[in-house]
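Read through the structure below, which is laid out as structure tokens, and then see the notes.
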Number of protein chains: 2
Amino acid sequence: MDKHNPTRRPVTVADVARAAQVSKATAARALGGYGAVRADLKERILEAARRLDYRPNELARTMATGRSGTIGVIVGDIENPFFGLAVRGISDVAAQAGFDVILSNSGETLATEKASTEVFLAKRVDGLIVAPATRHDGSHLQDALGRACPLVLLDRDVPGLSVDVALVDDHKAAREATQLLLAAGHRRLAYITATAAADVHYRGPEQIPLTTVLNRIAGFLEASDIAGLAEAERQIRLDAAKTARSQTILLDLLRASGRPTALLASDSKIALEVFRAARALGLHIPGDLSLVSFDDADWTSAVSPLVSVVSQPSYELGAAAAQMLVARIMGDKAPPRRHILDTILIRRESVAPPRS
Amino acid sequence: MDKHNPTRRPVTVADVARAAQVSKATAARALGGYGAVRADLKERILEAARRLDYRPNELARTMATGRSGTIGVIVGDIENPFFGLAVRGISDVAAQAGFDVILSNSGETLATEKASTEVFLAKRVDGLIVAPATRHDGSHLQDALGRACPLVLLDRDVPGLSVDVALVDDHKAAREATQLLLAAGHRRLAYITATAAADVHYRGPEQIPLTTVLNRIAGFLEASDIAGLAEAERQIRLDAAKTARSQTILLDLLRASGRPTALLASDSKIALEVFRAARALGLHIPGDLSLVSFDDADWTSAVSPLVSVVSQPSYELGAAAAQMLVARIMGDKAPPRRHILDTILIRRESVAPPRS
DNA sequence: TTGAAAGCGCTACCAT
DNA sequence: ATGGTAGCGCTTTCAA
């Protein structure tokens, strides 16, 4: 059986109505599944729709109702397995609640994030989930709120913004990871993060655009402090996003006299760079250098040595964010919620006592 | 300066027109950047728009024009770096051509892919790029075409569908990779793929839903044939998607007497499973087992041993797909194009002569 | 239960 | 160059 609608023009309710010999309104009711329609009429209408291969125009529906049945998600880097899993969490609960998800990548860039926000608002998404690229500018997010578009922050907070958030307890996570290293006997630790910064050295909180990193640094410093380590701030390195840059940073760090004997990597990409640098310097992990990394990336549990990681519940994080958003879309007026999830420290093989 | 539009109702062209004391049509022309408007009037209108914080409603615009300025992309698994990069390629050329991109994950499931296609068509995307989950059912894609929605296939072909495709020369890639192993002296090779199948053993082409895998198998068999290896088909393993399953398969394969001395992994996830299995069996790579993997995943160039890979030009693949799609949207009526890209074989450390 | 008609916000055609 | 107005396809009063 071939096309019944050889013409270019798509089939509309009006067409179906005509074919079923009822009014446009009745056809629309039957097709849209609202209002009440006599059973036999409904049957006739549905039959006609089937015959004509009618497909509802979501756009028109959205225009008329104001609801699109779609939620927009903006993350920094979808290739990052952390966000990949989170998006799956979001999609699953969204689908269950009858919402579609459309995705956008900010590339960790504020400008792109703003543009994406704009696009989503213009497309009239019913709600927004975003992992903001910076805590320093939330004007576009405020804007979404102002336009009555529910918003939930994922993974990263924007202080001053009064919205639901789904976060991880990064402070505690970093503290525990650091203490794992400390407990093994290390006294010279360093923390490496990919977060963009003008200077690779840590000068203070203002410099840091991500609340996650801010909290992790705080946790790292707190643990160092408790252990009585002096000047732990000096062992923090920023801006290790690209391979070349991280290699410079790591090689620099690991070639210095009094080099760190243990590293805390802020994400699995950096852990990989640590592997690379260690290789280049002939340093053995964990013999010469201990390592703990954030994110339980797939390769960390397959290569030698298996790497000890801070596993983040990213799927649950996404699911929680979506749950809150759906509730808001449904009209939930409660004060903003803060959903904070715990991480799990997975001990594997990349931590050993310092050799000295 | 705070909100000028404290009411809930969004600002429309009509509002701006009123404020600027011009007709709705004129305001629309100035705001929409079409038609002609006297300079001073235009200025007045834009000023009013700014003052009222006017934001165009893309939906209404789409309804009126029929064009959404959006292209929909459906891939099997966005967390897969291969698709991640491809999507970036797509986004870049799309953005440059003035299109937004919305993304959807099929999870390599036909049903989800169909649903996503439906959603995108209903949202009136201007074009579709999809990496189909199976070559066996293209009805939904045919449907898109039938509804005058341009379509480009990414990475995987659907025979019988007369559309533009952006593919990689998988046959050649697999043949070369196999020959690398052969040249090292191996005579017992195996090829492992994640492709879903009822049986882990290869029975024939019908069984294989992905043209990529089909072509790779052909390349593997051709190289084996040329080298005079008998019964190479028996060294093919399917359905190694999940960790548990792949471990069963690999352990089985590697514990057999006359076990393969070299493996060709169909993607980097499988390569990881090979690492895992080798570890479990105390097999050393490449001493006891050589390995070549498809996809130049980040970790393959950082861990020990560095793994030799077939690097796929996924960014370019995405860019090419988007280029063709944009051309079609712009009205290109030429016969379907087939854009076939070459892979690069990167020799690293995971291949060595068999020990025997 | 059904039908007529008024929007939703914008574009585009047709006069002026 | 400008203004009036008819759609785009659907939902949603309001009467009947």
Side-chain angles (χ1 to χ4, degrees), chain A residues 5 7-46 48-49 52-70 121-126 147-148, chain B residues 5 7-46 48-49 52-70 121-126 147-148:
Chain A
N5 175 37
T7 87
R8 193 103 335 262
R9 199 178 55 74
V11 179
T12 72
V13 271
D15 297 323
V16 177
R18 201 172 313 116
Q21 319 202 60
V22 297
S23 77
K24 215 180 68 173
T26 304
R29 278 191 273 258
L31 262 15
Y34 52 97
V37 182
R38 216 173 57 216
D40 59 323
L41 263 196
K42 182 163 187 169
E43 188 40 57
R44 204 164 83 209
I45 294 168
L46 261 29
L52 297 177
D53 192 31
Y54 164 79
R55 311 294 180 103
N57 181 333
E58 286 305 334
L59 245 49
R61 196 168 271 177
T62 301
M63 272 216 53
T65 60
R67 285 166 291 106
S68 64
T70 304
L121 289 176
K123 287 201 191 312
R124 296 297 186 267
V125 295
D126 290 341
R147 293 204 250 158
Chain B
N5 175 36
T7 87
R8 196 106 328 264
R9 198 178 55 72
V11 180
T12 72
V13 272
D15 297 323
V16 176
R18 202 172 312 116
Q21 318 202 56
V22 297
S23 78
K24 213 180 70 173
T26 305
R29 278 190 275 259
L31 262 15
Y34 57 98
V37 182
R38 216 173 56 217
D40 58 323
L41 261 196
K42 181 165 189 168
E43 187 42 55
R44 204 165 82 208
I45 294 168
L46 262 28
L52 297 178
D53 193 31
Y54 164 79
R55 312 293 181 103
N57 181 332
E58 286 305 334
L59 246 49
R61 196 168 271 176
T62 301
M63 272 216 55
T65 60
R67 286 166 291 106
S68 64
T70 303
L121 288 177
K123 287 200 191 313
R124 295 296 186 269
V125 294
D126 291 340
R147 292 203 251 158

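Reminder, nothing fancy here: chain letters follow the sequence lines and each chain counts from 1.
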Using distance only, find each side-chain donor-acceptor pair of residues 25-35 of chain B under 3.5 Å and give its atom names and separation, not counting sequence neighbours.
{"from": "B:Thr26", "atom 1": "OG1", "to": "B:Ser23", "atom 2": "OG", "distance (Å)": "3.1"}

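- We find that CZ of B:Arg55 is positioned 21 Å from P of C:dC8, with the value rounded to whole Å.
- Two end axes, each from the C1' atoms of five base pairs, can be drawn for the helix from C:dT1-D:dA16 to C:dT16-D:dA1; they diverge by 40°, to 10 degrees.
- Sorted by first then second residue, the salt bridge (Lys or Arg N to Asp or Glu O under 4.0 Å) pairs that include residues 12-23 of chain B, not counting sequence neighbours, are B:Arg9-B:Asp15, B:Asp15-B:Arg18.
- With a cutoff of under 4.0 Å to any heavy atom of chain A, the contacted region of DNA chain D is bounded 5' to 3' by D:dG9 to D:dT13.
- Interatomic distance, CG of A:Leu121 versus CZ of A:Arg147, reported as 4.5 Å (0.5 Å rounding).
- In this structure, B:Arg44 has no salt bridge (Lys or Arg N to Asp or Glu O under 4.0 Å) partners at least two apart in sequence or on a different chain.
- Not one side-chain nitrogen or oxygen of B:Thr12 sits closer than 4.0 Å to the OP1 or OP2 atom of C:dG9.
- Put simply, CD on B:Glu58 and OG1 on B:Thr65 are 9.0 Å apart, with the number rounded to the nearest 0.5 Å.
- With hydrogens and angles left out, the side-chain atoms of B:Lys123 and A:Thr70 include a donor and acceptor closer than 3.5 Å.
- Take the nearest nucleotide of DNA chain D for B:Leu41 and for A:Met63: the residue whose nucleotide is more 5' is B:Leu41.
- For A:Ser68, the side chain to side chain donor-acceptor pair (under 3.5 Å) test picks out A:Asp126, with sequence neighbours left out.
- Take B:Arg55 and apply the side chain to side chain donor-acceptor pair (under 3.5 Å) test, not counting sequence neighbours, and it matches A:Glu118, A:Asp143, B:Asp53.
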query = If the sugar-phosphate is the primed atoms plus P, OP1 and OP2 and the base is the rest, what is the B/S/- string for nucleotides 11-16 of chain C, using protein heavy atoms under 4.0 Å?
reply = BBB---
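- In this structure, CG on A:Leu46 lies 10.5 Å from OH on A:Tyr54, to the nearest 0.5 angstrom.
- Residue contacts shown for A:Leu59 are absent, as no nucleic acid heavy atom lies under 4.0 Å away.
- Taken from NZ in A:Lys42 to CG in A:Asp40, the straight-line distance is 12.0 Å, to the nearest 0.5 Å.
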